[in-house]
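Before any comments, here is the structure.
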Amino acid sequence: MDSSSPVKVAAAQVGSVLFDVQSTLVKVENLCRQAAEASIRLLVFPEALLGGYPKGADFGAKVGIRSDRGRDLFRRYWNAAVVCPGPETEQLAAWCDELDLHIVMGVIERDSGTLYCTTLIFVPGRGLVAKHRKLMPTGSERLIWGFGDGSTLPLVDTAIGRLGSAICWEHYMPMYRQYLYARGVQIWCASTVDDREMWRVSMRHIAYEGRCFVISACQYFTCADCPTDFEPVQGNAPDTALIRGGSMIVAPFGEVLAGPLEGREGLVAANIDLNEIARGKFDLDVAGHYARPDVFCLTVDLAPKSALFTEKAEQSLASTSPELTQATRLRG
């Protein structure tokens with residue numbers, strides 16, 4: 001990429017139509033087309049947009065007890081999840097190509113009997129190029145989502161810069177942040193449902209610490225987009241905001257370029273200039289001259305962790321991706 005050419009990027013602040021992926025995709029398409037009309041090259045969507053984030057649901061679980069009603073709700077949630085790759089990812093790839101738009105999408109991914117909170121990255125002309133599964137679901141999320149592993153920690157080189165992804169409270173995992181910094185992330189795609197003021201402080205801190213651009217996309221989600229029989233603890237009045245938004249874009253010195261947007265759906269857009277990254281690295285490169293590799297060393301295991309990993313599969317992995325058969329050491 002010509003680093004002298006600024007590029008227009010955006011966060012899509014939008015909420016799911018809960019348990020209805022096709023209706024949610026209608027919203028996604030509208031925002032993608034709005035972005036393309038505005039000459040936006042990268043559009044980041046929130047966490048768990050396709051599949052939904054059922055905030056306020058307890059799935060009938062107490063310590064040592066799971067109810068039949070909770071199991072029925074989970075089945076409904078499982079049926080609304082997406083398979084990757086599958087029809088939904090094919091549709092997203094088609095819009096990506098048609099609109100010349102890089103897309104970062106938060107989904108609930110179904111793989112066999114387990115759900116994962118996942119981010120997908122689409123690049124024009126290349127389709128679905130990367131998948132990141134949330135490493136550590138937070139709190140009650142662990143009841144409904146599985147854990148990602150080191151095999152889905154991608155950074156993607158594109159015509160507009162090097163993209164990396166973290167999901168919600170993964171941003172509070174210092175070693176994951178250091179991994180992304182050490183891999184040279186330039187545009188940090190932060191998909192979230194955290195609508196609190198502290199989150200915005202964190203986004204500014206990460207941009208400043210990593211000397212990168214941060215695009216934070218949060219859902220704006222109300223009970224109006226939930227089935228009438230969905231009963232979150234916050235109440236089910238249609239105008240109840242379950243997730244309030246706050247999407248924003250931050251530059252490498254911590255200044256807010258756009259947002260935070262509250263109280264509605266919409267696009268939060270800004271022009272970014274990757275030359276600002278080099279200006280910032282002048283006095284702070286936490287994975288380079290500001291690191292102390294003689295004192296600190298981060299070890300990252302990028303190998304997939306599967307319940308079924310046969311000898312044949314291991315031999316195939318070693319022949320095609322030898323770097324994944326051993327731990328990768330990142331100094332920083």
Side-chain angles (χ1 to χ4, degrees), residues 12-28 30-31 45-83 88 105-119 133-134 136-147 167-170 191-199 216-247 260-266:
Q13 182 155 296
V14 60
S16 307
V17 181
L18 193 60
F19 308 130
D20 188 343
V21 171
Q22 293 308 310
S23 293
T24 306
L25 279 171
V26 171
K27 289 187 171 187
V28 169
N30 288 338
L31 288 169
F45 285 90
E47 176 184 14
L49 183 66
L50 298 184
Y53 190 87
K55 188 171 181 179
D58 61 16
F59 286 85
K62 296 179 173 58
V63 175
I65 300 172
R66 270 77 58 195
S67 71
D68 287 342
R69 186 176 183 182
R71 293 183 188 278
D72 289 341
L73 180 60
F74 181 78
R75 179 181 60 187
R76 192 177 187 181
Y77 193 43
W78 189 90
N79 286 333
V82 303
V83 177
E88 292 83 8
M105 176 60 66
V107 306
I108 300 303
E109 176 195 3
R110 184 173 71 243
D111 186 356
S112 187
T114 297
L115 302 181
Y116 297 92
C117 183
T118 298
T119 295
R133 287 176 174 172
K134 193 173 189 178
M136 178 54 67
T138 301
S140 296
E141 293 172 358
R142 296 173 203 167
L143 175 69
I144 55 176
W145 300 340
F147 292 56
I167 306 170
C168 209
W169 275 28
E170 284 185 322
S191 299
T192 191
V193 294
D194 193 332
D195 59 8
R196 292 169 295 182
E197 177 62 28
M198 190 64 217
W199 176 261
S216 174
C218 185
Q219 288 201 37
Y220 178 72
F221 177 51
T222 72
C223 283
D225 277 326
C226 299
T228 56
D229 60 348
F230 180 70
E231 298 178 352
V233 296
Q234 302 94 321
N236 56 5
D239 60 349
T240 299
L242 302 177
I243 307 171
R244 298 173 300 165
S247 301
L261 177 65
E262 289 186 317
R264 63 180 178 87
E265 296 185 339

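- By the 30° and 60° cut-offs, the orientation of the rings of Phe59 relative to Tyr77 is tilted.
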(message) Set out, in order, the CA-CA distance, both residues' side-chain angles and the distance that settles side-chain contact (heavy atoms from CB on, under 4.5 Å) for Cys168 and Thr138, then state yes or no.
(response) CA-CA 9 Å; Cys168 209; Thr138 301; 6.0 Å; no
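- When atom types are taken as modelled, the side chain of Thr118 and the backbone of Arg133 share no donor-acceptor pair closer than 3.5 angstrom.
- We find the CD-NZ distance between Glu141 and Lys55 to be 10.5 Å, quoted to the nearest 0.5 Å.
- In this structure the side chain of Leu25 reaches within 4.5 angstrom of the side chain of Leu50, judged on heavy atoms.
- Val193 has its side chain out of reach of Pro46: every pair of non-hydrogen atoms, C-beta onward, lies at least 4.5 Å apart.
- A 4.5 Å side-chain heavy-atom check between Cys223 and Pro232 finds at least one atom pair inside the cut-off.
- A side-chain donor-acceptor contact under 3.5 Å links Thr24 to the backbone of Asp20.
- Nearest heavy atoms, Thr240 versus Gly235: CG2-O, 4.1 Å.
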(request) Under the side-chain contact (heavy atoms from CB on, under 4.5 Å) rule, what do Trp169 and Met136 come out as? Steps first, then yes or no, please. (result) CA-CA 8 Å; Trp169 275 28; Met136 178 54 67; over 6 Å; no
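- A donor-acceptor distance shorter than 3.5 angstrom exists from the side chain of Gln13 to the backbone of Arg264, with no hydrogens or angles considered.
- The CG atom of Asp195 sits 10.0 Å away from atom CG of Leu242, with the distance rounded to the nearest 0.5 Å.
- With hydrogens and angles ignored, the 3.5 Å screen pairs a side-chain donor or acceptor of Ser191 with a backbone N or O of Phe45.
- Here the closest non-hydrogen pair linking Leu143 and Ala61 is CD2-CB, 3.6 Å.
- The heavy-atom pair separating Phe221 from Cys226 by the smallest distance is CZ-SG, 3.3 Å.
- Annotation: salt bridge (Lys or Arg N to Asp or Glu O under 4.0 Å) contacts involving residues 224-238, sequence neighbours excluded, comprise Lys27-Asp225, Arg69-Glu231, Arg76-Asp229.
- With values rounded to the nearest 0.5 angstrom, Arg244 atom CZ is found 9.5 Å from Arg196 atom CZ.
- Atoms SG and CD1, from Cys117 and Ile144 in turn, are 9.0 Å apart once rounded to the nearest 0.5 Å.
- Between Val28 and Val14 the shortest side-chain heavy-atom distance does not fall below 4.5 Å.
- Distance CZ/Phe147 to NZ/Lys134: 10.5 Å, rounded to 0.5 Å.
- Residue-environment remark: CH2 (Trp145) exceeds the threshold of 12 foreign heavy atoms within 6.0 Å.
- Between the Gln219 side chain and the Glu47 main chain, a donor and an acceptor come within less than 3.5 Å of each other.
- Taking each heavy atom of Thr114 and Trp78 in turn, the nearest pair found is N-NE1, 4.3 Å.
- In this structure a side-chain-to-backbone donor-acceptor pair under 3.5 Å is present from Ser16 to Leu49.
- Glu170 CD to Thr119 OG1: the interatomic distance, rounded to the nearest 0.5 Å, is 7.5 Å.
- Considering all non-hydrogen atoms of both residues, Gly51 and Val21 come closest at N-CG2, 4.0 Å.
- In this structure a side-chain-to-backbone donor-acceptor pair under 3.5 Å is present from Ser247 to Cys218.
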(request) Could you please spell out the steps behind the side-chain contact (heavy atoms from CB on, under 4.5 Å) verdict for Leu115 and Phe74? (result) CA-CA 10 Å; Leu115 302 181; Phe74 181 78; 3.8 Å; yes
